[in-house]
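Some notes on the structure that comes next.
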Amino acid sequence: MGMFKRLVLAAAALSALSATAMATDADGSPESVMGLYLRGDIGWSQLAWSGGADDGGWALGAGIGTHLTEQLRTDLRFDYGGSYAIGGGRDMSVTTLTGNLYFDIPTSTMFTPYVGAGLGYGWVPVDGGSDRDGLALALMAGAGFDMTDNLTLDVGYRFRDVMTSGPDA
């Protein structure tokens, strides 16, 4: 079975395990604590690689997730970063699909710090070079600021790496 098929199966399993968390009120009646959420991401991505000059560019992302408990949440996230100038008149972009798990640090305020990690698959197309793909990993840290009951502004840092075999592009 190919790596992409394994990734799709893993994402399906993650989704199946991501049922809405339930809690019990003091009177014993169940109450839905958390639910699904959508995310949209925009930021700056800095490419650092061993094949040549470093470069930066805009990064965009989108995802869907759910809260497992008040402190644990998970999401499936698609991210695109590029187009990076890598020398010799060539450009490169980086696209990843990762399943992520986050630990939210409770503060009982509108400010919620978090740490997280993710695993998935990544694609690295290179203009005029050999395209690469492979296992992707991500590490995250940041804080969410509750703007309303249904909207959170997230300010964070995300490290992504796509592990490919062979020489650099």
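Basis for what follows: all heavy atoms, side chains included, without hydrogens, waters or symmetry-related copies.
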**Prompt:** Quick one: salt bridge (Lys or Arg N to Asp or Glu O under 4.0 Å) pairs with a partner in residues 139-150, sequence neighbours left out?
**Reply:** none
**Message:** Looking at every heavy atom in both N100 and G118, which two are closest together, and how far apart are they?
**Reply:** OD1-CA, 3.1 Å
**Message:** Holding to side chain to side chain contact (heavy atoms under 4.5 Å, CB included), I want the full list of residues that pass it with D127, two or more places apart in sequence or in another chain.
**Reply:** D91
**Message:** Could you measure the distance from the OG1 atom of T152 to the CZ atom of R39? Nearest 0.5 Å is fine.
**Reply:** 10.5 Å
**Request:** Taking the side chain as every heavy atom from C-beta outward, state whether V124 and S93 have any atom pair closer than 4.5 Å.
**Result:** no
**side chain to side chain contact (heavy atoms under 4.5 Å, CB included) involving L151 - partner list, sequence neighbours excluded** = M147, T148
**Asked** Taking only residues two or more places apart in sequence, or in another chain, which ones meet Y37 in a ring pair (Phe, Tyr, Trp, His ring centres under 6.0 Å)?
**Response** H67
**Complete:** Applying side chain to side chain donor-acceptor pair (under 3.5 Å) to Y80 and not counting sequence neighbours gives none
**Item:** Test log, rule side chain to side chain contact (heavy atoms under 4.5 Å, CB included), inputs Y121 and D133
**Value:** CA-CA 7 Å; Y121 203 74; D133 61 345; 2.8 Å; yes
**Message:** So Q71 and P106, do their side chains get closer than 4.5 Å, heavy atoms only?
**Reply:** yes
**Message:** Suppose we screen for side chain to side chain donor-acceptor pair (under 3.5 Å). Which residues come up paired with T112, at least two apart in sequence or across chains?
**Reply:** none
**Request:** Taking side chain to side chain donor-acceptor pair (under 3.5 Å) as the test, write out the residues that go with R158, two or more places apart.
**Result:** D79, T98
**Message:** Side-chain heavy atoms nearer than 4.5 Å, only ILVMFWY residues, links allowed to pass through others: does that put F159 and L135 together?
**Reply:** yes
**Prompt:** Just wondering, do M140 and Y157 contact through their side chains at under 4.5 Å, heavy atoms?
**Reply:** no
**Where at least one partner belongs to residues 99-111, residue pairs that pass salt bridge (Lys or Arg N to Asp or Glu O under 4.0 Å), sequence neighbours excluded** = R73-D104
**Message:** Can you give me the closest heavy-atom contact between T96 and A136, atom names plus distance?
**Reply:** CG2-CB, 3.9 Å
**Message:** Taking the side chain as everything from C-beta on, heavy atoms only, tell me whether R90 gets closer than 4.5 Å to V126.
**Reply:** yes
**Prompt:** Taking only residues two or more places apart in sequence, or in another chain, which ones meet L60 in a side chain to side chain contact (heavy atoms under 4.5 Å, CB included)?
**Reply:** I42
**Request:** Give a yes or no on whether I105 and Y114 share a hydrophobic cluster (residues Ile, Leu, Val, Met, Phe, Trp, Tyr; joining criterion: side-chain heavy atoms under 4.5 Å apart).
**Result:** no
**Message:** For the OG1 atom of T69 and the CZ atom of F103, what is their distance to the nearest 0.5 Å?
**Reply:** 8.0 Å
**Message:** Please give me the minimum heavy-atom distance between A117 and L139, naming the atom from each residue.
**Reply:** CB-CD2, 4.0 Å
**Request:** Apply side chain to side chain contact (heavy atoms under 4.5 Å, CB included) to the pair T66 and T74, showing each step before the final yes or no.
**Result:** CA-CA 6 Å; T66 189; T74 183; 3.9 Å; yes
**Prompt:** Between CG of L72 and CG of L101, what distance do you get to the nearest 0.5 Å?
**Reply:** 5.5 Å
**Message:** Checking F145 now: which residues fulfil ring pair (Phe, Tyr, Trp, His ring centres under 6.0 Å) with it, not counting sequence neighbours?
**Reply:** F111
**Prompt:** Residues two or more places apart in sequence or in another chain: which of them pass side chain to side chain donor-acceptor pair (under 3.5 Å) with T95?
**Reply:** none
**Asked** Can you name the nearest heavy-atom pair linking Q46 to G56, along with the distance?
**Response** OE1-CA, 3.8 Å
**Fill in**
residues 105-121 vs salt bridge (Lys or Arg N to Asp or Glu O under 4.0 Å), sequence neighbours excluded, gives none
**Message:** Quick check: closest heavy atoms across T107 and P113, and the distance to 0.1 Å?
**Reply:** CG2-CD, 3.7 Å
**Message:** Let's go through W123 and L97 carefully: what are the C-alpha distance in whole Å and the side-chain angles of both, what is the deciding distance for side chain to side chain contact (heavy atoms under 4.5 Å, CB included) to 0.1 Å, and is it a yes or a no?
**Reply:** CA-CA 9 Å; W123 299 266; L97 179 65; 4.2 Å; yes
